[in-house]
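Counting convention: from 1, in listed order, for ligands and their atoms alike.
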Amino acid sequence: MTTRLTPLLRAWEWQTEAACRGMDSSVFFSPPGERGKARRRREHRAQEICRRCPVRVPCGSFAVASDQRYGVWGGHTEADRRTTTAAPAADRV
Ligand code: SF4
């Protein structure tokens with residue numbers, strides 16, 4: 001049992017150091033239909049938190065690897081991730 005759980009725990013252990021730990025998910029996830037200034041304001045506030053987060057890189061990588069479609073992860077918005085994952089591999093850094 002421990003053997004099977006260990007990889008799963010490793011996949012999530014970066015979250016223990018997350019700057020957003022304990023925060024309401026509404027800080028990072030827009031409600032359905034939110035657009036324009038309200039959406040940009042929410043995303044900018046989330047990105048400010050992510051900017052000082054020590055696990056920003058693994059968080060962003062996890063979001064791309066697990067195809068997270070919604071919310072701000074690793075300082076990247078939904079639109080940022082769509083652009084990144086749509087680019088040919090040679091364009092990614
Ligand atoms: S990078 Fe942002 S969303 Fe990811 S763990 Fe840190 S604060 Fe949370």
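Using a 4.0 Å cut-off between a side-chain N of Lys or Arg and a carboxylate O of Asp or Glu, E78 and R39 qualify as a salt bridge. Using a 4.0 Å cut-off between charged side-chain N and carboxylate O, E48 and R51 make a salt bridge. Between D67 and R69, at least one side-chain nitrogen of the basic residue sits less than 4.0 Å from a carboxylate oxygen of the acidic one, meeting the salt-bridge criterion.
Scanning for side-chain contact (heavy atoms from CB on, under 4.5 Å) contacts around R45 gives R41, R42, with sequence neighbours left out.
Not less than 6.0 angstrom separates the ring centroid of F28 from the ring centroid of W73.
Atom 4 (Fe) of ligand 1 has C59 SG as its protein N, O or S neighbours under 2.8 Å.
The nearest pair of heavy atoms linking R81 to A63 is CD-CB, 3.8 Å.
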